[in-house]
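In what follows, a structure is listed as structure tokens, so that the remarks can point back to it.
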Amino acid sequence: AGSKTSEQPHPTLVMSNNPSQSQQQQQEDQHDAAKAIQDAVIDQMSLSERLQRTSRLYNPNEFGELHSIVHDPMELRLDSFLKHALVPFLKNRPAHTQQVDLLHVLAMAIHPHPTEQAIKDVVLEMEDDEEEEEEDDDDKDEEENGKKTSPDPTPLQKRDIEIKEKKQKIWEYTQLLMTNIAASSFQLQYRHRLLLVQIVTDCLVVPSIHHSSTRKKTHGGSSSSSHPTNVVAVASPLFDGAIPHLRASLYAFGLAAMSPYDAHWAQCGLVAVSVQTRKLATLKEEWSRLLHRLVDDKTNYMLDHHH
């Protein structure tokens with residue numbers, strides 16, 4: 001009987017394990033809850049805020065780098081992602097008109113310091129809107145001083161004002177991303193940037209800017225044209241932000257490309273993106289650029305059946 005009693009575990013030891021187990025479980029639950037809250041907060045952040053909080057800031061890489069500073073396993077995973085995930089994803093769906101973070105990241109990866117020289121149509125449009133806003137402010141000041149009276153704006157005029165304000169906010173946010181220093185810390189080789197240019201050129205599907213903006217459903221179920229075909233009826237983060245950013249990066253890549261063939265890829269990307277948008281000002285600008293190249297550029301390009 002004595003030997004059986006000694007083999008049984010001491011009750012005090014058994015009970016002493018329970019508090020530690022419950023405490024550990026409580027800590028795990030608290031950790032999971034904190035992580036869920038953190039993920040929810042990150043989901044609500046803008047792309048600029050995410051980059052500032054999550055990116056490691058390395059010394060800026062000189063554009064045109066030849067030697068990788070990426071670890072080999074990571075580089076292999078990046079290559080696999082670009083070829084087997086990004087390519088089919090871009091091919092099988094048109095770009096979203098509202099959720100455009102991916103296109104901004106692609107633009108930042110193609111060139112970390114894009115130039116607005118390639119998107120004069122957007123810059124001029126924003127400058128015109130700013131001048132109109134200044135004139136409106138002057139008119140308001142005169143009205144307040146009793147020097148001038150004007151009728152109240154019509155519902156259509158109010159809607160146009162709201163659209164211009166939204167476009168201005170989208171453009172300001174895009175400029176913030178175009179100058180974000182985090183893009184200089186992306187651990188990429190030149191060949192990765194060139195591959196992204198080729199992927200954008202061949203795979204990116206951009207919806208027409210007038211596909212959903214020129215017609216709207218009425219209460220009776222019929223469709224009616226609300227704006228002329230050369231007027232954009234809504235403000236879109238895709239057409240007013242991500243596409244200009246991407247065009248600017250493609251143009252900047254072409255300027256810094258390490259061979260005429262690489263520069264030609266960037267030009268093909270500019271044309272492909274611009275043609276798909278069917279935005280009149282953008283098409284005019286790309287046509288002018290192509291005409292300039294035909295007249296002044298003497299480079300011999302290697303063309304294939306795709307381009």
Side-chain angles (χ1 to χ4, degrees), residues 42 47-48 50-51 54-58 60-97 99-114 118 174 177-178 180-207 237-238 241-277 302 304-307:
I42 292 176
L47 177 59
S48 179
R50 292 185 191 182
L51 289 171
T54 60
S55 296
R56 292 183 178 179
L57 296 182
Y58 299 91
N61 302 319
E62 291 294 331
F63 185 79
E65 60 272 17
L66 293 176
H67 301 290
S68 173
I69 54 176
V70 182
H71 297 296
D72 289 342
M74 187 181 298
E75 187 173 358
L76 291 175
R77 287 194 291 269
L78 176 60
D79 289 339
S80 177
F81 169 78
L82 295 179
K83 295 176 182 178
H84 303 299
L86 183 62
V87 167
F89 180 78
L90 294 180
K91 275 186 175 180
N92 294 329
R93 60 181 289 276
H96 201 284
T97 57
Q99 306 298 329
V100 295
D101 283 356
L102 175 61
L103 292 185
H104 280 299
V105 171
L106 292 179
M108 296 169 79
I110 288 173
H111 199 290
H113 308 294
T174 301
L177 291 176
M178 291 172 66
N180 194 308
I181 61 173
S184 300
S185 298
F186 289 179
Q187 302 298 283
L188 297 172
Q189 284 184 328
Y190 175 83
R191 70 174 187 86
H192 293 134
R193 304 184 195 277
L194 176 60
L195 179 58
L196 286 173
V197 171
Q198 295 170 342
I199 290 174
V200 167
T201 302
D202 284 342
C203 305
L204 179 62
V205 179
V206 181
L238 175 65
I243 292 299
H245 187 181
L246 188 60
R247 288 173 56 214
S249 292
L250 288 168
Y251 180 82
F253 179 90
L255 292 178
M258 302 183 67
S259 74
Y261 183 68
D262 297 347
H264 173 67
W265 267 108
Q267 183 63 51
C268 288
L270 278 168
V271 173
V273 171
S274 302
V275 169
Q276 290 185 81
T277 63
M302 298 172 59
D304 55 28
H305 66 283
H306 292 296
H307 309 289

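Residues L106 and L86 have side chains in contact (heavy-atom distance under 4.5 Å, counting atoms from C-beta outward). Counting heavy atoms from C-beta on, the side chains of L82 and V87 never come closer than 4.5 Å. The shortest side-chain heavy-atom distance between D202 and W265 falls under the 4.5 Å cut-off. Annotation: side chain of L102 is in contact with side chain of F89 (closest heavy-atom distance under 4.5 Å). Within the 4.5 Å cutoff, no side-chain heavy atoms of Q99 are placed close to those of L238. Side-chain atoms of L78 and L188, non-hydrogen and from C-beta on, do get closer than 4.5 Å to each other. Side-chain contact between S184 and H113 is present, with heavy atoms from C-beta onward closer than 4.5 Å. For the pair M178 and H104, the minimum side-chain heavy-atom distance is 4.5 Å or more.
Rounding to the nearest 0.5 Å gives a distance of 11.5 Å between CD1 of I110 and CZ of F186. Between the NE2 atom in H192 and the CD1 atom in I199 there is a gap of 10.0 Å [rounded to 0.5 Å]. Rounding to the nearest 0.5 angstrom, the gap separating the CD atom in Q267 from the CG atom in D262 is 13.5 Å. Separating the CG atom in L196 from the SG atom in C203 is a distance of 11.0 Å, to the nearest 0.5 Å. Interatomic distance, L250 CG to L270 CG, rounded to the nearest 0.5 Å: 5.0 Å.
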Stepwise side chain to side chain contact (heavy atoms under 4.5 Å, CB included) test for V206 and L204: CA-CA 6 Å; V206 181; L204 179 62; 3.8 Å; yes

Full working for side chain to side chain contact (heavy atoms under 4.5 Å, CB included) between Q276 and V205: CA-CA 8 Å; Q276 290 185 81; V205 179; 4.2 Å; yes

Worked check of salt bridge (charged side-chain N to carboxylate O under 4.0 Å, His left out) between D79 and R191: CA-CA 10 Å; D79 289 339; R191 70 174 187 86; 2.8 Å; yes

Steps toward side chain to side chain contact (heavy atoms under 4.5 Å, CB included) verdict (L103, H245): CA-CA 8 Å; L103 292 185; H245 187 181; over 6 Å; no

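Closest heavy-atom contact between G269 and T201: CA-OG1, 3.1 Å. The nearest pair of heavy atoms linking P244 to G241 is CD-O, 3.3 Å. Heavy atoms only, all atoms of each residue included: A107 and S249 are closest at O-OG, 2.9 Å. Annotation for A257 and A263: closest pair CB-N, 3.6 Å, computed over non-hydrogen atoms.
A donor-acceptor pair under 3.5 Å links the side-chain atoms of T277 to the main chain of S274, judged by distance alone. Of the possible polar contacts, one joining the R193 side chain to the A109 backbone as a donor-acceptor pair under 3.5 Å is found. Using modelled atom types, no side-chain atom of H84 and backbone atom of F81 make a donor-acceptor pair closer than 3.5 Å.
Taking the six-membered ring for Trp and thresholds of 30 and 60 degrees, F253 and Y190 have nearly parallel ring planes, at less than 30 degrees apart.
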